[in-house]
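Worksheet: the structure to be examined is printed underneath.
Only heavy atoms go into these numbers, but all of them, side chains included; no hydrogens, no water, no symmetry mates.
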Amino acid sequence: MRILLIHSDHLKYQTKSKTRIAEKIDEEKKKGEYENALVVFTAVEKEDEKDSEATVENAVKEIVDVAGKVKAENIVIYPYAHLSSSLGSPNVAKEILSNMEAKLAEMETPVSRVPFGWYKSFEVSCKGHPLSELSRSITSESTPSAEEKGEEGEDEDSEAEESQFYIWNEGELLDPDEFSYQNEDLKKLVDYELGRGESTGEEPPHVKLMREKKLADYEPSADIGHLRWYPKGRLIRDLLADYVYTLVTDRGAMPVETPIMYDLADDAIRVHAEKFGERQYRMSGGKKDLMLRYACCFGAFRVLSDSFLTWKNLPVGIYELSTYSFRLEKKGEVVGLKRLRGFTMPDLHTVCADMEQSLHEFEDQIEMCKKTGEDLDVNYEVILRATADFMEENREWIDHAAAMIGKPVLLEILPERKHYWTCKMDFAAIDYLGRPIENPTIQIDVESGERFDITYIDPEEQEHHPIILHCSPTGSIERVICSLLEKSALEMKEKPPMLPLWLSPTQVRIIPIAERHIEFARNLAEELRDAHIRVDVDDRPETVGKKIRNAGGEWASFVIVIGDRELEGDELTVNVRETGQKVSMGIQELIDVINLETKGMPFRPLPLPITLSKRVNF
RNA sequence: GCCUUAGUGGCUCAGCCGGUAGAGCGAUACCUUGGUAAGGUAUAGGCCGGGGGUUCGAAUCCCCCCUAAGGCUCCA
């Protein structure tokens, strides 16, 4: 239980409208006013349900103590869900709050309780003396730990033990402080994870790039952290989506599409949603309390729980690209493509019969995540996290999984399971400022099978709850683009910044010198276009120098100038961005070079007018 | 969400101890028909983020809000 104690000159409240979990109240309780009151804002948490009596007792003790010290004439219990990210069920909460009221009523100070489950307006005027603002964590066991000044924000949820970190290197667990890093990126990741990252106070370069290259931009008329995507950005998103789709379906996963919002009246949904605390969008739709999904788990689990699964089906993967997932990240945390409130995440859920099968699938997914790093040409550093129990039971497998990375990895051992997973692997790219961008992830979920009542039938016709792997083989699409842009910014000193050829919006830019060359240029463009190459023609009446410069600014991978010489001969002079060289080749040779380099990668045609003179300047 | 800083044509910014706006790029038009990273001339384009206040008068001073950047915190 979390409580916030405010010693106030006065408190006024007025009920406005009911929520679904509202308690029934008499007319007189619909508003209230108290002078010199100790207002106890209270959030009942899940763990209070275990031993509610002891929790009530400890809370009452604490409240009486404070009320005595500040000489309050009234005590008002005010239900306040926002203090906790792990709320108890409404019914238990109502009971606990009533019990607190009853217990306090035995004391001298008059006690009141504000109705539960109503939207209320309220006015509280804090006295402002040193003891007038206090917060406490109440548990069933200990006497509450004193946190004298609520505003200091030092509310460490009495986390019993901290995680231990090691560098896993060829089977050995080494102290991260003493390890000699061959790899700068790993060092940066470790520094960041252990909270010693130093910041330079700069803006991450991808933010400027995403706007400058007309990929995406902020949309001030939406909520913070929701972007608008221009055609080039949209193209890259679509190509990445195509890429992941093929990647996972080639490995047998089945694509589905599920709703983006869910009814909190469903217990499994509610409990899973509450794992995310206050960081979610809530909305009311008619009479329902709804939440916007923060991942595809909700839809996937509902599909799976309504499916009839047998051991013969397993392992089985359900895939969805969540356009969009919603997370109500704190304002100050939202930045560029790195951290958004609305983002797109490839989300694969794999149902596994047992731990053995899930470990086997996990290995396949490690291979898949590694492959995305290669295909996207992004370096990942890896963090393997496991609970102490998991570590103990699967020490050999941990070694095996870490060894698959082929370089040292950071290993975090958590004393207890805090979330639904017992083991996870996170792949992070390192940005321009040396901070990790968490991209692919694999998790072993041991809770959701039961919570969502997902079952399968074993060969003996017994029902079991499966283990479920969560995997995002690339991480969010936005973060992939973020990593690519950050990487290009990092390399800018050594070579011109660019995207991988298969993602480059303009693969070939053709520049006719004079008007009489435009027709030839267009014909050439059509030939390239028919060979599945994204090509455009800068037909604007500008100088060649200027058009070359613009092509560079747009990161065109290859640039061809067309003049009288090209009209006569078969050879083209091709400017290759990657090397900065001018190469003479025929058209077929250019097609071959591009096809070779983009082999196996998805293709989509240019979603813009082929001539620059027709193009909108976003 | 908290602390700090910022918001002026599409973009980058100047003006800011009060007297109602300026440049470069971009855009448009015309001239130039050009050979590898900015050709020339002209024109248009601004409720100076929004709202309130002080003042004869506010882009400029004060308050509130919105948005952004950095830091804190956090990312299942």
Side-chain angles (χ1 to χ4, degrees), chain A residues 82 85-86 151-156 192-193 195 197-204 207-208 211-212 214 217-225 272-280 294-295 297 325 327-336 338-341 343 345 347 385 414 417-422 424 426 428 433 435-439 441 443-445 447-448 470 472 475-476 479 496 509 511-518 538 540-554 556 559-567 573-575 577 580-582 613 615-618:
Chain A
H82 315 289
S85 56
S86 133
E151 282 176 23
E152 290 300 309
E154 261 308 315
D155 32 17
E156 291 284 305
Y192 194 88
E193 278 295 316
E198 53 198 57
S199 51
T200 54
E202 286 173 85
E203 179 178 359
V207 179
K208 199 174 169 199
R211 308 175 74 181
E212 203 175 281
K214 308 290 181 200
D217 207 339
Y218 295 115
E219 175 48 78
S221 294
D223 189 18
I224 296 159
H272 198 71
E274 277 163 6
K275 297 245 150 204
F276 213 72
E278 293 306 306
R279 289 184 177 240
Q280 48 188 290
Y294 54 79
C297 307
S325 286
R327 297 186 186 184
L328 198 56
E329 304 289 10
K330 288 196 235 164
K331 256 182 163 176
E333 293 164 352
V334 173
V335 53
K338 193 170 181 180
R339 195 84 174 270
L340 290 157
R341 282 185 173 179
F343 61 97
M345 186 147 86
D347 213 344
R385 308 181 204 259
L414 296 92
R417 192 171 95 217
K418 281 206 306 206
H419 307 296
Y420 54 70
W421 51 266
T422 53
K424 73 189 289 222
D426 292 320
L433 301 172
R435 295 180 293 204
I437 310 168
E438 283 182 26
N439 276 349
T441 180
Q443 300 155 10
I444 303 179
D445 178 349
E447 281 186 7
S448 299
H470 301 237
S472 185
S476 83
R479 281 192 177 173
R509 163 72 45 90
I511 298 177
I513 291 171
E515 247 175 74
R516 65 176 179 279
H517 306 123
I518 290 179
D538 191 346
R540 296 170 306 170
E542 294 292 346
T543 57
V544 175
K546 191 160 181 174
K547 290 198 269 195
I548 292 272
R549 186 185 154 85
N550 286 156
E554 288 187 56
V559 178
I560 306 171
V561 178
I562 298 296
D564 291 337
R565 288 206 296 270
E566 284 73 19
L567 255 54
T573 306
V574 180
N575 296 253
R577 181 170 181 79
Q581 308 239 297
K582 275 183 270 188
S613 62
R615 227 168 249 188
V616 175
N617 197 358
F618 290 104

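Within 4.0 Å of A/E438, counting heavy atoms only, lie sugar-phosphate atoms of the nucleic acid but no base atom. Within the nucleic acid shown, A/P496 has no heavy atom closer than 4.0 Å to any nucleic acid atom. No contact: A/Q280 has no heavy atom under 4.0 Å from any strand. Using a 4.0 Å heavy-atom cutoff across all strands shown, A/G563 reaches at least one base atom of the nucleic acid. Nucleic acid contact class of A/D445 (heavy atoms, under 4.0 Å, all strands): none. Within 4.0 Å of A/R479, counting heavy atoms only, lies at least one base atom of the nucleic acid. Residue-level contact check: A/K547 touches neither bases nor backbone, having no heavy atom under 4.0 Å from any strand. Note on A/V561: a base of the nucleic acid sits closer than 4.0 angstrom, heavy atoms only.
If you take atom P in B/U54 and the same atom in B/G71, they sit 40 Å apart, rounded to whole Å. The P atoms of B/A37 and B/G51 are separated by 48 Å, rounded to the nearest whole Å. For the C1' atoms, the distance linking B/G19 with B/C13 amounts to 24 Å, nearest Å. Separation of the C1' atoms belonging to B/C11 and B/A27 is 11 Å when rounded to the nearest angstrom. Rounded to whole Å, the separation between the C1' atoms of B/A44 and B/G26 comes to 13 Å. With both ends at atom C1', the span from B/A29 to B/A21 equals 26 Å, rounded to whole Å. Distance check on atom P: B/G9 versus B/C48 gives 9 Å, rounded to whole Å. When the C1' atom is compared between B/U60 and B/A6, the two are found 16 Å apart, to the nearest whole Å.
Residue order along RNA chain B, read from the 5' end via each residue's closest nucleotide, puts A/I560 first among A/I560 and A/K424. With RNA chain B read from its 5' end, the first of the two nearest nucleotides for A/H272 and A/V207 is the one closest to A/V207.
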Using nucleotides 41-47 of chain B, report all nitrogen or oxygen pairs with the protein that are shorter than 3.5 Å.
none

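One atom, CZ of A/R577, and another, C1' of B/U36, lie 14 Å apart when rounded to the nearest Å. Nucleotide B/U67 holds its P atom 7 Å from the CG atom of A/D223, rounded to whole Å. Look at CZ on A/R540: it is 16 Å from C1' on B/A29, rounded to the nearest Å. Look at CG on A/L340: it is 11 Å from P on B/A68, rounded to the nearest Å. Between the NE2 atom of A/H419 and the P atom of B/C75 there is a distance of 7 Å, rounded to whole Å. B/A27 atom P lies 7 Å from atom CD of A/E542, rounded to whole Å. When the P atom of B/G34 is taken as reference, atom CD1 of A/I562 falls 16 Å away, rounded to whole Å. Rounded to an integer number of Å, the gap from CZ of A/R516 to P of B/G35 is 10 Å.
If you check B/G35, B/A38, B/G26 against the side chain of A/N617, the one that comes closest is B/G26. If you check B/G39, B/G34, B/C75 against the side chain of A/V544, the one that comes closest is B/G34. Side-chain proximity of A/E515 to the nucleotides B/C74, B/G26, B/U33 is greatest for B/U33. Considering only the side chain of A/R339, B/C74 comes nearest among B/U36, B/C74, B/U33. With distances taken from any side-chain atom of A/A514 to the nucleotides B/G35, B/G26, B/G34, the minimum falls on B/G34. Nearest to the side-chain atoms of A/P541 among the listed nucleotides B/A37, B/U32, B/G70 stands B/U32.
Judged by distance alone, the side chain of A/R417 and the main-chain N or O of A/H419 form a donor-acceptor pair under 3.5 Å. Side-chain N or O atoms of A/Q280 include one that pairs as donor or acceptor with a backbone N or O of A/A273 at under 3.5 Å. A/K338 places no side-chain N or O within donor-acceptor distance of the main-chain N or O of A/P204, the cut-off being under 3.5 Å. With hydrogens and angles disregarded, a donor-acceptor distance shorter than 3.5 Å links the side chain of A/K214 to the backbone of A/F618. When atom types are taken as modelled, the side chain of A/D538 and the backbone of A/I511 share no donor-acceptor pair closer than 3.5 angstrom. A/Y218 places a side-chain N or O within 3.5 Å of a backbone atom of A/G336 that can act as its donor or acceptor partner.
Under 4.0 Å is where a charged nitrogen must lie from a carboxylate oxygen, and between A/K547 and A/E542 no such pair does.
The partner of B/A14 cannot be assigned: no Watson-Crick or G-U wobble pair with both contacts below 3.5 Å exists in any strand. Across every strand in view, B/U67 sits in a pair with B/A6 that passes the Watson-Crick or G-U test at under 3.5 angstrom. Judged by Watson-Crick or G-U wobble contacts below 3.5 Å, the nucleotide B/A58 has no partner. For B/U41, the paired base is B/A29 (Watson-Crick or G-U wobble, both distances below 3.5 Å). With both pairing distances under 3.5 Å, B/C47 is matched to nothing as a Watson-Crick or G-U wobble pair. B/G35 is unpaired under the Watson-Crick or G-U wobble criterion, no partner having all donor-acceptor distances under 3.5 Å. With a cut-off of 3.5 Å on both pairing distances, B/A21 has no Watson-Crick or G-U wobble partner at all. The nucleotide B/C72 finds its pairing partner in B/G1, both defining distances of the Watson-Crick or G-U wobble pair being shorter than 3.5 Å.
The side chain of A/T543 places no N or O atom within less than 4.0 Å of a non-bridging phosphate oxygen (OP1 or OP2) of B/G34. Side-chain N/O atoms of A/Y218 include one lying less than 4.0 angstrom from OP1 or OP2 on B/A69.
Within the model, atoms CD of A/E447 and OG1 of A/T422 stand 10.0 Å from one another, a figure rounded to the nearest 0.5 Å. With rounding to the nearest 0.5 angstrom, the CZ atom of A/R327 is 9.0 Å from the OG atom of A/S476. Note: A/E554 CD to A/E212 CD = 11.5 Å, rounded to the nearest 0.5 Å. Atoms CG and CZ, from A/D426 and A/R385 in turn, are 4.5 Å apart once rounded to the nearest 0.5 Å.
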Apply the test side-chain contact (heavy atoms from CB on, under 4.5 Å) to residues A/V334 and A/R341: give CA-CA distance (whole Å), side-chain angles for both, the deciding distance (0.1 Å), then the verdict.
-> CA-CA 7 Å; A/V334 173; A/R341 282 185 173 179; 4.1 Å; yes
Kindly indicate, with the supporting measurements, whether the criterion side-chain contact (heavy atoms from CB on, under 4.5 Å) is fulfilled by A/F343 and A/R479. CA-CA 9 Å; A/F343 61 97; A/R479 281 192 177 173; over 6 Å; no
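No side-chain donor from either of A/D347 and A/S472 sits under 3.5 Å from a side-chain acceptor of the other.
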5' to 3', nucleotides 1-14 of chain B under a 4.0 Å protein heavy-atom cut-off (B base, S sugar-phosphate only, - none) gives B-------------
